[in-house]
Amino acid sequence: MENYSPCRVSCLCILFSFLLSFIPAHAAEKHSAVAFLPFTVNASKDMSYLRDGLGEMLASRLSAEAGVVAVDKKIVNAALGAGGKVDPNQVEALAGKMGADYLLYGSVTSLGGGMSFDARVYSTATKSSETFYATAVKEGDVMTAIDNLAWSVLEKTFGKKRPGGGAAPQAAVADAELGALQTAHPDRTFRASAGLGNSSLLWSEGSSQFFKTRNVPLSLEGMSIGDVDGDGLLEVVMADREKVIVYKLNAGRLVEFAQIKPLARYKIHAVNVADLNGNGKAEIYISAADSTMPGSMGVEWNGKEFATLFDDARYYIRPVKVPGLGVVLAGQKAGPEGVAISGPIYILSQEGSQLVGGERLPVPAGVNIFDFAFADLDGDGEWEVVVIDKWNKLLVMKQSGKVLWKSEERYGATKRFIGGMSAIQMTQQTGPSRGVTKMADGGTTDILFEKTYIPSRILVTDVDGDGVDDIIINANTPTWTSLVRSSQIFESGTMIGMKWNGVGLQELWRTRKIGGYVVDYDARSHHLPLKDGVEQLYVGVVAQGNFGDVLTADESMLLVYPLQFKAPEK
């Protein structure tokens, strides 16, 4: 991260701790034992000095203000073991090993030129955790952010009052923190000379910022938004490979509402939300597969829990907006002879608990269900097909397959995939395209050798309100060559808005660089009417650490961008 000098911040940390050593500790009824665990550092550059340094600073502040006693560092390291990582499911056992009344741990994330601090405090008395959050926009704000984080813990956990006034209401603190980590508006790269004449746009004042939620312990595989419980508010649906978690978004916090788990044999690769039955509660559609076949699932909230609509379905699935039909559930099957996915894409209907394929979607041959979107890019009433090909080039095509335009840049690259073995592994098998593996019951099954990577979604929405579809898409920046796809690391990404200029898609705007791997995103307009004219773009990001941490990244965040454009004054 360009703005933070490790040497300078380290010196500030030492000075901060040194000054605190001269502050007399307040008398406390009980000197609570607190284990300050190493913080996870999610940053593309070396910021490892914060791993232990942040805990030491918090220990100094809590000791000075609340009289807590820090558990000896040797005891902490011995309890954590060689890996030195904190398993949130083992905090009670860790506290017991360390003889601690509280465990304090968390993460530091580099994001958009700023830093965010997420902390958790586990209490052995209540057997529960509280979360705390602070942000720094620039180097000069780091110590203030850490001080705010420390006082949040002191106020809520130890009942201490911040000097200069009482504790601020929690919601007010959260709102203030949301405003702290902001970015300038997407760069205005579009001009009237681009060929769109009066459709030229200006970014509106006052809507040029984003906010970041607190990190959640999830290695994100897909996300979507929608009103799943019918209360008129959008929920955030996030999935890793094993489960789907539904969150309420409350003052910048993702608060868990419910979990859904498909059959254990299937791994999730996509999740979508849509109210296809029109009952006011959006269903959740989970596309999942093992190494041989899809096993997808649909659920709906029944007032108490998520009830299964169908499961173990032999289709890869997602809702698709189809010209003349509206949003339908579409599906595609696994292909023959080692092909993970191929063949026609069907409009699906549900008969009992089964999915049945009906009419075929009019898409060009070779396009998979996750690769495309329909859009009327020029406003002539005829829909084009926008496609991401296997090289992550963006194409605009006629339904007949005629290519109208192809990008030079790459878009929508991800690490998500379906299928089993790679082409290299395939060459080690005795057969031309399939291998054999043993199942738990002693039987065998064919393995589809070929991995098929799933690109990010292509969002189609009329952001500027001119009646013509716009495209929103992401671009992840890899650190390794795309030839080594399975080992590729995405250190940063960006969101891009595009519009048809008569001969091709041209960039209208882009966000500043997002530190981390942009996995998935969704738009408010797909789920609720934009009565206030403000689009909201929800972006799911996996926090990336250094090389050793990236392959096991287990923290994700949500960024929310308000998108509001206006026509220039005449």
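For clarity, every value in this text was computed on a predicted model and none was experimentally measured. Atom set for the values below is all heavy atoms of this structure, side chains included, hydrogens, waters and symmetry mates excluded.
In this structure, Tyr316 and Phe370 have perpendicular ring planes: the angle between them is above 60°, well past the 30° mark.
Using a 4.0 Å cut-off between a side-chain N of Lys or Arg and a carboxylate O of Asp or Glu, Arg416 and Glu221 do not qualify as a salt bridge. A salt bridge links Asp312 with Arg314: the distance from a Lys NZ or Arg NE/NH1/NH2 to an Asp or Glu carboxylate oxygen falls below 4.0 Å. Taking 4.0 Å as the cut-off between side-chain N and carboxylate O, Arg410 and Asp389 do not count as a salt-bridged pair. Using a 4.0 Å cut-off between a side-chain N of Lys or Arg and a carboxylate O of Asp or Glu, Glu235 and Lys248 qualify as a salt bridge. The pair Asp469-Lys499 fails the salt-bridge criterion, with no side-chain N (NZ, NE, NH1 or NH2) lying under 4.0 Å from an Asp/Glu carboxylate O. Between Lys212 and Asp118, at least one side-chain N (NZ, or NE/NH1/NH2) sits under 4.0 Å from a carboxylate O, which counts as a salt bridge. By the 4.0 Å N-to-carboxylate-O rule, Arg457 lies close enough to Asp520 to be salt-bridged with it.
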Show the numbers, then the answer: is there a side chain to side chain donor-acceptor pair (under 3.5 Å) between Asn474 and Ser456?
CA-CA 7 Å; Asn474 80 309; Ser456 297; 3.0 Å; yes
side-chain contact (heavy atoms from CB on, under 4.5 Å) between Ile418 and Lys267, intermediate numbers included
CA-CA 9 Å; Ile418 53 178; Lys267 303 301 180 185; over 6 Å; no
Working note: Arg524 + Glu535, criterion salt bridge (Lys or Arg N to Asp or Glu O under 4.0 Å); need CA distance, chi angles, decisive distance, verdict.
CA-CA 6 Å; Arg524 173 186 170 196; Glu535 175 69 282; 6.0 Å; no
Step-by-step side-chain contact (heavy atoms from CB on, under 4.5 Å) determination, Leu558 to Phe211:
CA-CA 8 Å; Leu558 184 72; Phe211 74 78; over 6 Å; no
Begin from the C-alpha positions of Leu249 and Thr213 and carry the test side-chain contact (heavy atoms from CB on, under 4.5 Å) through to its verdict.
CA-CA 8 Å; Leu249 186 57; Thr213 65; 3.7 Å; yes
Could you go step by step and tell me if Tyr247 and Val216 meet the side-chain contact (heavy atoms from CB on, under 4.5 Å) rule?
CA-CA 10 Å; Tyr247 294 97; Val216 293; 3.8 Å; yes
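Between the side chain of Asp240 and the backbone N or O of Leu220, no donor-acceptor pair lies under 3.5 Å. Not one N or O on the side chain of Asp522 forms a donor-acceptor pair closer than 3.5 Å with the backbone of Tyr538. Counting only distance, with no hydrogens or angles, the side chain of Asp462 and the backbone of Asp466 share a donor-acceptor pair below 3.5 Å. With hydrogens and angles disregarded, no donor-acceptor distance shorter than 3.5 Å links the side chain of Ser287 to the backbone of Ser296. Formation of a donor-acceptor pair under 3.5 Å by the Gln332 side chain with backbone atoms of Tyr346 is not found in this model. Panel note: side chain Thr40, backbone Ser107; no donor-acceptor pair is recorded below 3.5 Å. Within the 3.5 Å criterion, the main-chain N or O of Asn279 finds a donor-acceptor partner in the side chain of Asp275. The backbone N or O of Val387 sits nowhere less than 3.5 Å from a side-chain atom of Asp371 that would complete a donor-acceptor pair. Asn476 places a side-chain N or O within 3.5 Å of a backbone atom of Val518 that can act as its donor or acceptor partner. For the pair Thr414 (side chain) and Ile454 (backbone), a donor-acceptor distance under 3.5 Å is present.
Of all heavy-atom pairs between Asn368 and Ser342, the closest is OD1-CA, 4.3 Å. Glu242 and Pro262 get closest at one heavy-atom pair: O-CD, 3.5 Å. Shown here for Asp290 and Thr292, the closest heavy-atom pair between the two residues is OD1-N, 2.8 Å. A pairwise comparison of heavy atoms in Gln350 and Leu309 identifies NE2-O, 2.7 Å as the closest pair. Considering every non-hydrogen atom in both Leu361 and Ala330, the closest pair reads CD1-CB, 3.9 Å. Contact between Ala543 and Met557 at its shortest, heavy atoms only, is CB-CE, 3.7 Å.
Between the side chains of Glu283 and Tyr285, at least one donor N or O lies within less than 3.5 Å of an accepting N or O. For the 3.5 Å distance criterion, the side chains of Asn277 and Glu300 qualify, holding a donor opposite an acceptor.
The shortest side-chain heavy-atom distance between Trp383 and Leu377 does not fall under the 4.5 Å cut-off. In this structure, the side chains of Leu329 and Ile347 stay at 4.5 Å or more apart for every pair of heavy atoms. Side-chain contact between Leu233 and Asp227: absent, with no pair of heavy atoms (C-beta onward) separated by less than 4.5 Å. The side-chain heavy atoms of Trp405 and Leu505, taken from C-beta on, include a pair separated by under 4.5 Å. Between Ile369 and Ile341, the closest side-chain pair of non-hydrogen atoms falls below 4.5 Å. In this structure the side chain of Phe374 never reaches within 4.5 angstrom of the side chain of Glu384, judged on heavy atoms. Here the side chains of Val539 and Met495 are in contact, with some heavy-atom distance below 4.5 Å. At least one side-chain heavy atom of Thr461 sits under 4.5 Å from a side-chain heavy atom of His526.
The line from CD1 of Ile286 to CD1 of Ile317 is 8.0 Å long, rounded to the nearest 0.5 Å. Atoms CG and OH, on Asp311 and Tyr266 in that order, are 8.5 Å from each other to the nearest 0.5 Å. Interatomic distance, OH of Tyr521 versus CD1 of Ile472, reported as 9.0 Å (0.5 Å rounding). Between Thr308 atom OG1 and Phe310 atom CZ the span is 10.0 Å, to the nearest 0.5 Å. To the nearest 0.5 Å, atom CG of residue Leu234 and atom CD1 of residue Ile225 are 5.0 Å apart. Asn215 contributes atom CG, which lies 9.5 Å from atom CG of Leu254 (distance to the nearest 0.5 angstrom).
In Lys393, the NZ atom is crowded: over 12 heavy atoms of neighbouring residues, nucleotides or ligands sit closer than 6.0 Å. For Arg360, the CZ atom counts as loosely surrounded, since its 6.0 Å shell holds 12 or fewer non-hydrogen atoms of other residues, nucleotides or ligands. No more than 12 heavy atoms of other residues, nucleotides or ligands sit less than 6.0 Å from atom CD of Gln354. The 12-atom threshold is exceeded at NZ of Lys281, counting heavy atoms of other residues, nucleotides or ligands nearer than 6.0 Å. More than 12 heavy-atom neighbours from other residues, nucleotides or ligands sit within 6.0 angstrom of CD on Gln259.
The side-chain contact (heavy atoms from CB on, under 4.5 Å) with Ile471 is formed by just one residue from the set Val460, Leu459, Val396, Leu508; it is Val460. For the side-chain contact (heavy atoms from CB on, under 4.5 Å) with Thr494, the lone residue among Ile514, Thr511, Thr477, Ile473 that qualifies is Thr511.
Here the two rings, on Trp301 and Phe257, have centers that are under 6.0 Å apart.
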